[in-house]
There are 2 protein chains.
Amino acid sequence: MDQQAPVTQGDPGKDSVRDRLLDAAEALFCERGFDGVSVRDLTGQANCNVAAVNYYFGGKDKLYQEMFRRQVQEICYRQIARINEAMGVPNPTLESVLREIVFMPLLAAYEKQQRGRIMRLMVREVLNKTVHGETILEAFHTQMMTHAVQALRTLVPQLDDKQARLAVFSVDSLKVHPFLFMDEFFAVNTGINFDEMVNHIVFFAAAGIRAMAAK
Amino acid sequence: MDQQAPVTQGDPGKDSVRDRLLDAAEALFCERGFDGVSVRDLTGQANCNVAAVNYYFGGKDKLYQEMFRRQVQEICYRQIARINEAMGVPNPTLESVLREIVFMPLLAAYEKQQRGRIMRLMVREVLNKTVHGETILEAFHTQMMTHAVQALRTLVPQLDDKQARLAVFSVDSLKVHPFLFMDEFFAVNTGINFDEMVNHIVFFAAAGIRAMAAK
DNA sequence: TATTATTTGAAACATATGTTTTAAATACAC
DNA sequence: GTGTATTTAAAACATATGTTTCAAATAATA
């Protein structure tokens with residue numbers, strides 16, 4: 001019958017059952033993925049009845065999508081804001097901007113913050129090729145790419161559009177891979193610390209970009 | 001009772017039920033992951049009875065681990081062989097070795113070959129932090145790292161051990177990220193083709209490494 | 001207060017799934 | 001060929017899971 005919950009009557013703000021469910025979804029899905037969390041896990045964490053998921057969201061799927069969409073959007077805003085901030089200082093250099101882009105995400109992974117887990121979930125969704133991610137993430141990719149390309153070409157005007165896109169992609173590579181596999185790297189390479197890794201990435205990326213510009 | 005199937009009596013070589021199940025596991029698990037494949041999916045594809053999974057492997061888990069371990073080992077051998085081959089030619093350059101390392105995996109992803117799917121599954125396992133992957137993949141990481149570091153330091157003797165490890169990690173970044181997100185990149189960046197991407201990656205990585213050596 | 005709409009709770013439903021059981025079928029050894 | 005061990009097959013089991021039902025409780029409205 002495609003029933004949807006009417007706009008809640010009591011306390012539309014916070015700590016309603018609906019909100020508690022979204023919080024639980026964020027905490028649990030990000031940790032264990034869609035299949036790893038049952039509706040009863042969610043309602044247990046949110047301290048509500050099993051039926052609440054279907055009552056408020058129309059199903060586990062819908063709840064997941066709602067939670068996922070929000071998180072991706074927030075990550076998107078945050079990244080763009082970070083680029084803008086780095087470009088906004090008096091004399092932005094390639095290195096200073098790269099550092100700004102790279103540092104926070106890696107720190108989030110290093111310190112195992114919640115936002116780090118969300119990023120991992122995003123990657124999992126892409127790899128799992130679930131229906132959920134696709135449309136949401138496409139917008140994310142285009143938006144991020146155009147914004148980053150524009151910033152890079154301001155910093156290094158010698159680059160044409162194609163070069164800038166490839167460069168942005170490679171910077172992304174140098175950021176995402178350590179983000180995902182940091183634990184594994186440090187486990188194998190004791191004697192290298194977090195700061196050394198960040199410095200290396202910034203240096204390596206800048207060298208690659210400068211070499212592209214010199215071509 | 002922890003029963004294990006005795007060494008098969010008939011046709012120990014090929015096309016036994018056991019082998020068909022391993023084939024089915026490789027095909028299905030690599031595509032849909034552990035949770036995405038049911039025992040009945042497997043036995044359906046292998047044309048055998050549901051009980052066969054438990055009879056021959058002692059459970060879905062065990063079958064998965066057996067299949068996963070084999071695949072990872074094969075990938076490991078292949079990668080090391082590739083490095084050796086690239087280093088074995090008369091005058092190996094940094095660029096030629098990098099190209100050798102990068103090209104085949106990316107092509108596998110580009111052409112959506114089976115081996116590409118297996119790599120993706122490996123990444124998924126790491127991200128999912130399932131028990132399955134951990135021990136298997138740790139050996140993989142250490143082995144690959146030491147081998148690659150050795151090769152790189154032969155090519156670029158100015159690098160110390162720490163630098164070489166960071167460089168190898170970054171080359172891995174520049175390879176794995178496109179491997180995983182190639183579709184997404186080409187979807188957003190029409191007008192860039194596969195060869196251009198490979199050339200760029202080799203150039204970018206070499207520039208980064210050369211800059212490290214010059215420090 | 002009386003009436004209505006919304007929310008909650010417990011139980012039931014339907015189904016998918018990993019595993020086990022049990023007996024028949026098949027291959028092997030003597 | 002006979003007896004034994006191995007393999008196959010169908011059914012049953014036990015359980016986990018997403019969803020639905022429906023009545024009671026609660027809040028809103030008049």
Side-chain angles (χ1 to χ4, degrees), chain A residues 1-25 27-29 31-68 128 130-132, chain B residues 1-25 27-29 31-68 128 130-132:
Chain A
M1 196 51 84
D2 204 14
Q3 67 156 11
Q4 63 176 21
V7 186
T8 176
Q9 58 179 208
D11 195 349
K14 202 55 200 301
D15 225 54
S16 63
V17 172
R18 211 189 108 96
D19 288 321
R20 291 208 309 274
L21 270 175
L22 275 170
D23 289 345
L28 297 183
F29 282 137
E31 187 149 0
R32 299 188 235 148
F34 183 77
D35 290 330
V37 179
S38 73
V39 174
R40 284 165 183 81
D41 289 337
L42 290 164
T43 53
Q45 171 107 352
N47 251 309
C48 67
N49 192 268
V50 223
V53 166
N54 286 279
Y55 180 73
Y56 283 105
F57 298 93
K60 186 190 174 189
D61 271 43
K62 306 273 182 58
L63 168 56
Y64 184 73
Q65 281 189 40
E66 175 71 9
M67 168 261 159
F68 191 74
N128 291 344
T130 48
V131 197
H132 317 298
Chain B
M1 197 50 84
D2 203 15
Q3 67 154 12
Q4 62 176 21
V7 185
T8 175
Q9 59 179 206
D11 196 348
K14 203 55 201 302
D15 226 53
S16 63
V17 172
R18 210 188 109 96
D19 288 322
R20 292 209 308 273
L21 270 174
L22 275 170
D23 290 345
L28 297 184
F29 282 137
E31 187 149 1
R32 299 188 234 148
F34 183 78
D35 290 329
V37 179
S38 73
V39 174
R40 283 164 183 82
D41 290 337
L42 290 163
T43 53
Q45 171 105 353
N47 250 309
C48 66
N49 192 268
V50 222
V53 166
N54 287 278
Y55 180 72
Y56 282 105
F57 299 93
K60 186 189 174 191
D61 272 42
K62 307 273 182 57
L63 167 56
Y64 183 74
Q65 280 188 41
E66 175 71 9
M67 167 261 159
F68 190 73
N128 290 344
T130 49
V131 196
H132 318 298

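Throughout, a chain's letter reflects where its sequence line sits, starting with A, and its residues are numbered from 1.
Considering only side-chain N and O atoms, B/Tyr56 lies under 4.0 angstrom from the phosphate OP1 or OP2 of D/dT8.
Separating the CG atom of A/Asn49 from the C1' atom of D/dA25 is a distance of 13 Å, rounded to the nearest angstrom. Here C/dG18 presents its C1' atom at 16 Å from CG of A/Asp35, a figure rounded to the nearest Å. Atom CG of A/Leu21 is separated from atom C1' of C/dT8 by 12 Å (rounded to the nearest Å). Rounded to an integer number of Å, the gap from CZ of A/Phe57 to C1' of D/dT19 is 16 Å. For the pair B/Asn47 CG and D/dA10 P, the interatomic distance rounds to 12 Å; values are reported in whole Å. Regarding B/Leu28, its CG atom lies at a distance of 13 Å from the P atom of C/dT17, rounded to whole Å. Atoms CZ (B/Arg20) and C1' (D/dT8) sit 11 Å apart, rounded to a whole Å. Rounded to whole Å, the distance from NZ on A/Lys60 to P on D/dA16 is 15 Å.
Nearest nucleotide to the side chain of B/Tyr55, out of D/dA10, D/dT6, C/dG18: D/dT6. Side chain of B/Val17, nearest nucleotide from C/dG18, D/dT8, D/dT19: D/dT8. Among the nucleotides C/dT19, C/dA10, D/dG18, the one closest to any side-chain atom of B/Val39 is C/dT19. Distance from the side chain of B/Ala51 is smallest for D/dA9 among the nucleotides D/dT19, C/dG9, D/dA9.
Rounded to the nearest 0.5 Å, atoms NZ (B/Lys60) and CZ (B/Arg40) are 11.0 Å apart.
Each of B/Asp41 and A/Arg40 was matched to the nucleotide of DNA chain C holding its nearest heavy atom; the match closer to the 5' end belongs to A/Arg40.
Smallest separation of non-hydrogen atoms from A/Leu63 and A/Leu42: CD2-CD1, 3.9 Å. Here the closest non-hydrogen pair linking B/Val53 and B/Thr43 is CG2-CG2, 3.8 Å. Across A/Arg20 and A/Asn47, no two heavy atoms sit closer than the pair NH2-O, 3.1 Å.
Relative ring orientation between B/Tyr64 and B/Phe34 is described as perpendicular, the plane-to-plane angle rising above 60° on a 0-90° scale split at 30° and 60°.
Using a 4.0 Å heavy-atom cutoff across all strands shown, A/Val53 reaches no nucleic acid atom at all.
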